[in-house]
**Student:** 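Next up is a structure, given as structure tokens.
Residue numbers begin at 1 in each chain, while the letters A, B, ... track the order of the sequences. Since the model is a prediction, treat every value here as computed from it, not as a measurement.
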There are 2 protein chains.
Amino acid sequence: MSILREALFAPASVAVVGQSNDVTKTAGRPLKFLLQMGYAGRIYPINPGRDAVLGQRAWPSLAALPEAPDHAYIVTPTDAAIDAVAECGKLGVKVATVLADGFTEAGDLGDRRVARLRDICTETGIRVVGPSSLGIVDLRSRAMLTANAAFDENDLPAGRFFAASHSGSMIGSLLSRGKARGLGFAGLVSVGNEVDLSLGEICEATLDDPGIDGYMLFLETMRNADALRRFALAASKRGKPIIAYKLGRSEAARELAVSHTGALAGENDVADAFLADCGIARVMTLDGLIEGLPLMMRVPVQTSRRAAVGVVTTTGGGATMVVDPLSTAGVTITQPSAETLARFKAAGIDVKPARIVDVTLAGARYDVMKAALDILTTAPEYDLILPVIGSSARFHPELAVKPIVDCAGSAKPIAACLVPDAPAALAMLSEAGVPSFRTPEACADAVAAALRRRAPRPAPERVARPPARDGRVLDELDAGTLIERYGIPRAAAVVLDADIARAPTLPFPYPVVVKALSAEIAHKTEAGGVVLNVADGDALLEAIKAIRSNVAQAMPHASVPRMLVQPMVSGVGEALIGYRVDPAVGPLVMVAAGGILTEIYRDRSLRLAPIDLATAKEMIAEVRAFAALAGFRGRPKGDLDALADAIVALSRLAGDPSIAEAEINPLIVRPDGVVAVDALVKLV
Amino acid sequence: MSILREALFAPASVAVVGQSNDVTKTAGRPLKFLLQMGYAGRIYPINPGRDAVLGQRAWPSLAALPEAPDHAYIVTPTDAAIDAVAECGKLGVKVATVLADGFTEAGDLGDRRVARLRDICTETGIRVVGPSSLGIVDLRSRAMLTANAAFDENDLPAGRFFAASHSGSMIGSLLSRGKARGLGFAGLVSVGNEVDLSLGEICEATLDDPGIDGYMLFLETMRNADALRRFALAASKRGKPIIAYKLGRSEAARELAVSHTGALAGENDVADAFLADCGIARVMTLDGLIEGLPLMMRVPVQTSRRAAVGVVTTTGGGATMVVDPLSTAGVTITQPSAETLARFKAAGIDVKPARIVDVTLAGARYDVMKAALDILTTAPEYDLILPVIGSSARFHPELAVKPIVDCAGSAKPIAACLVPDAPAALAMLSEAGVPSFRTPEACADAVAAALRRRAPRPAPERVARPPARDGRVLDELDAGTLIERYGIPRAAAVVLDADIARAPTLPFPYPVVVKALSAEIAHKTEAGGVVLNVADGDALLEAIKAIRSNVAQAMPHASVPRMLVQPMVSGVGEALIGYRVDPAVGPLVMVAAGGILTEIYRDRSLRLAPIDLATAKEMIAEVRAFAALAGFRGRPKGDLDALADAIVALSRLAGDPSIAEAEINPLIVRPDGVVAVDALVKLV
């Protein structure tokens, strides 16, 4: 066992710095829980004001202890906590977990405290969990270093999952809700502000723990994304799935996360892209988080093929309640093939050809459901079988629930959903390790997340990036040259002096577009720096004159010595493709259909850059507006393959650390090929 | 008590036709449940093959009974069931409930059976529940006329809600899930195929029952919408709220509903519009349905003002989990006003100015939460207070849950959400009648539904409509004249003979658009029947020639003796407005932004027609694309007031029974006014 893992989860000795004698207080709880759970290591409560706390000998200080404990839980107020960490470091304590707040969420003063903590870590080698950590718990070693009142229970559900949370109160809720659903934990951690040990690092430290099968994450921010990715990659290699709930789908929630953790929650679709890239299954409901992990353990990561679900039920209405959110989430529910229907017939089960296998008429009987599951779990058209059981599940689980238990080891994964309130049947399923769900919504949420899950991508090659500065913007000509070098076709262009007296012969026919060529003008159109549909040489001179006058008026300090002239390019549609380096998750590539409506609808697809061609095609399929370029209602098709090539090309900017942002808008999509007609590139 | 209500829910005598002696069979259950629950009326099991069933005297036939029972539950196979209904009718039985299937979902044969049942009803005056009804139950009179195995329980939760469901199995699930959440039922009905008594009529029959406070509906179709509306209006007058879950948000679910009930589920947004128009709160989750009704009883129907929610919590992360889906559902979560914050300060409670009131630092204490709720429930900025309680709720409900119970009678409604698994606290809240929720998602679902709920609209004036035929389409000139009569401005137009030799002087300047004027050509553009941007008289003659040739080629049998000439109309945007008569819910008016993208995004707003101006403005606000006409990113604004006038005008077509459909596409939106440039009107 690694030293870190041992100190975190199986310490031979622990100190509780600031332990109170009053168990109704937060600072009174850790010792109470340690004693209550029967932690077998040595316990050192530190309380300079008392000889004893909760009937145990109290120590006046860390320095007075007979040994440096492996792990100290510091439950004093903020400033005293920093001093205690310093003392721990000096004494050789391996890990200190800090309860106090007043750090990342507390402005300048907080920042100074963070810096101090980090200095202590660097200087002494101590590792810190928190601050703002409600604690860290191992239910096997019974190291209960937590002040979370939810652990005040004798019958805590020990098991094979590990939970990590940015929210301290949530570890208690995951514990109790898991218990209610027959799900136990090896350990739980409230990671707090992660000023030293991040959520990813703590989880990574547990990876070789043979008692842990999978991970449940409650995330509020995308902070420390690199560590999370390393953990996810390593977990995937060990076949240990990760399920995550991430707050911040709404603006209101993102704003709260900032005030709550001092860290930006990040944009929702950036989090989506990042978690997917790491092979982490993101669920959208609390019940989906609680109930989903057994399913992730059974469903292999998907390849690009669209997975198909087979639904079998004893209640048509109940099953439709699951089909509705599943189908809305994009999951395919497939009718049995003719061969499969023939097998039902041969088994004497009356099944109509329909999108679900409804055995209501055959009755809620063991033999019927068992035969149905045997047929479906061996039918090649399915990737996952979803039995939805009606009223009989409540008092007669032996009828239609027991067959599911008896198919737990089938070739295809099963996810069971029970329509009535049926706690005993749910317990029976959980006991047998069969993924099972209390509500149609959680079932659909988890199944969709499981079928979306892909293998994590190997960590992209690390390109050292200088810290972001307020970098220089390239002019359109240089930007165009750059993207062309990456392989993205761009419109022909001629540069003219702004003071030419006669129109030159152009290498392309009129009409043309004339634009001010200057890196100083970020919004050319708004500054009057663009004239479209210029018909001939005279009009060209007119246009240049107009642009000079417009720009002089709009931006008196901008100089526009040159003009860019390009042919008017038309196509069957357009796209916007963009690249940027997100402060949390790194390089991203984006595609949207461009224009005001796609902005209003936020209809875009994001991935971590760089990407391959298959991923680019997935991205295009995710942008709903591109249906208009794929033959919708007989419209002319655009060259979406060329668009995919361009997205791949732009994503390769991830290999150039000097580039902060790039955007091609519009990229004209033609029936044959694409052409960039405007590009913006910002250096770091 | 009305005769119907008495026969349905408190019959003095019941017959079970086809009662089996085997309680493991469906047909064995009704008598078992009647005996088990201690139904006090007279029971007549009918079974010609036995002298006794389940220890009770069995009767050979209905005719052999000493009286005509008030209510007969017929559990025989299909054809025998029809005969039994006929005999019931002849004997004067008031209501027959039919279990058998094989009716609306069974094609032509089924249709003939339906006709036969309806004839029996007309001829004899008997009323029928079903067929395909799993039964009807009153938990007070203990009239257990059901074959649903879920009722095989001694401790059924009697209470003050009434549940009605298209799905027979769901009445069992509503019962057991309600019980698990401390929610009891006065009665439940599985309405089956509604060939005679509809869901709305059955519920309406219970409206004067003083033991019923509210209604829970599980809907699979929009069949019998008129009866549902009548019930909803009458329920609203009595202050009895209705909550509904409606299957069919996805295409897959709608397809299943057809095979399951033989009735179309209807488009999802049509159901939305209809339920909202009836003042029925539609929830999207099963838990929201189960837990939502107590909230609907507390939250008054909303006026047009946007309601604001105040969140108070002992767990920041947990509360954000509720804020996220609430905010995504469009609910406003409001920061306390300066006055309210001052009241917190005066009460000695440390609250930071933020979107939620987080009392975590003050601690999960009775006095803190009670004071916070007292302040928030009397703060004028809030319409609803949402306490989100953390870990303490599990074992110490006296701390932060009890104060919620003690505020049950506050001036503002409260909806409580508990983050840990805390069944005792939930029971305490339910017992006190405080709306409370087990998951953040159900809480957000129900709160959003409650705050969306408006008073039902009085039934629109009934205009007798002839049955839909394959009606005539007006030509564009007549269509334009019609919509102009309704007050919608349209583009100027001149009609020319198609064979004119010289271009006439037009009453408006060139450029113009030339269109084939013929009711025979539904898709003018596709047929080459439109030429835009016609610059002068010569071009006009050219255009007419081209159109004649195009149409002759595309539609050799269409005659085009006339052309319509209009000015080219431009604006800052366009809209599509439409009117049609839905077979289930009646006249509808629709607005969308038009164009291919709004079609792809299905970005439209629907209402039952006719509507008033305020509703038209709401509709415009619901169409996301119209943000582009409301000053988005400094773009020119369109005259959305004039658009609203046009929607109102089009909706008045509901008063003309001769019109089946109308569509104005596009309606050009200008900075000042709107202009219809194309209209399609179809007669009934």
**Student:** Name the region of B:Tyr601, side chain, backbone, both or neither, that has any atom closer than 4.5 Å to a heavy atom of chain A.
**Tutor:** both
**Student:** So which of B:Ser391, B:Ser176, B:Ala150 has the largest heavy-atom pair count under 4.5 angstrom toward chain A?
**Tutor:**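 Ranked by heavy-atom pairs under 4.5 Å with chain A, first place is B:Ser176.
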**Student:** Using every non-hydrogen atom in the two residues, find where A:Phe632 and B:Ile600 come nearest and quote the distance to one decimal.
**Tutor:** CZ-CG1, 3.9 Å
**Student:** Let me know if A:Leu418 has heavy atoms under 4.5 Å from chain B in its side chain, its backbone, both or neither.
**Tutor:**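 The backbone, not the side chain.
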**Student:** Among B:Ala393, B:Ala422, B:Ala628, B:Ala364, which residue has the highest count of heavy-atom pairs closer than 4.5 Å to chain A?
**Tutor:** B:Ala628
**Student:** Find the one option among B:Gly172, B:Ser327, B:Pro325 whose heavy-atom pairs under 4.5 Å with chain A are most numerous.
**Tutor:**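 Ranked by heavy-atom pairs under 4.5 Å with chain A, first place is B:Ser327.
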**Student:** Identify the heavy atoms of A:Ala252 and B:Arg355 that sit nearest to each other, and give their distance.
**Tutor:**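 In terms of heavy atoms, the two residues are closest at CB-NE, 3.5 Å.
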**Student:** Is any NZ, NE, NH1 or NH2 atom of the basic residue among B:Asp421 and A:Arg181 found under 4.0 Å from an Asp or Glu carboxylate oxygen of the other?
**Tutor:**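 Not counted as a salt bridge, because no side-chain N and carboxylate O are separated by less than 4.0 Å.
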**Student:** Give, for atom OG of A:Ser167 and atom CE of B:Met321, the distance between the pair rounded to the nearest 0.5 Å.
**Tutor:** 7.0 Å
**Student:** What distance do B:Ile290 atom CD1 and A:Thr439 atom OG1 have between them, rounded to the nearest 0.5 Å?
**Tutor:** 11.0 Å
**Student:** Which residue is it: A:Thr313, A:Thr315, A:Thr314? I am looking for the one with a side-chain contact (heavy atoms from CB on, under 4.5 Å) to B:Ser169.
**Tutor:**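 The single option meeting the side-chain contact (heavy atoms from CB on, under 4.5 Å) with B:Ser169 is A:Thr315.
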**Student:** Determine whether the side chains of A:Ser250 and B:Asp324 contain a donor N or O and an acceptor N or O closer than 3.5 Å.
**Tutor:** yes
**Student:** Closest heavy-atom contact between B:Glu441 and A:Leu286?
**Tutor:**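 The pair with the smallest heavy-atom distance is OE2-N, 2.9 Å.
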**Student:** Which heavy atom of A:Leu247 sits nearest a heavy atom of B:Gly317, and at what distance?
**Tutor:** CD1-O, 3.8 Å
**Student:** Can you say whether A:Phe151 sits under 4.5 Å from chain B via the side chain, the backbone, both, or neither, judging by heavy atoms?
**Tutor:**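 No part of it gets close to chain B.
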**Student:** For residues A:Val419 and B:Arg177, report the shortest heavy-atom separation together with the two atoms involved.
**Tutor:** O-NE, 2.5 Å
**Student:** Please examine the side chains of B:Arg438 and A:Asp287, heavy atoms only from C-beta on, and report whether any two atoms are closer than 4.5 Å.
**Tutor:**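 Result yes, sub-4.5 Å side-chain heavy-atom pair found.
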**Student:** Below 4.5 Å, heavy-atom pairs only: which of A:Met284, A:His396, A:Arg635, A:Lys179 has the largest tally toward chain B?
**Tutor:** A:Arg635
**Student:** Can you tell me which portion of A:Arg394 sits under 4.5 Å from chain B's heavy atoms? Options are side chain, backbone, both or neither.
**Tutor:** side chain
**Student:** Under 4.5 Å from any heavy atom of chain A, what part of B:Leu174 do you find: side chain, backbone, both or neither?
**Tutor:**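 Neither part, no heavy atoms under 4.5 Å.
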**Student:** Who among B:Thr26, B:Val323, B:Ile333, B:Thr360 has the most heavy-atom pairs with chain A under 4.5 Å?
**Tutor:** B:Val323
**Student:** Below 4.5 Å from any heavy atom of chain A, which atoms of B:Thr285 appear? Answer side chain, backbone, both or neither.
**Tutor:**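 For B:Thr285, backbone and side chain are both near chain A.
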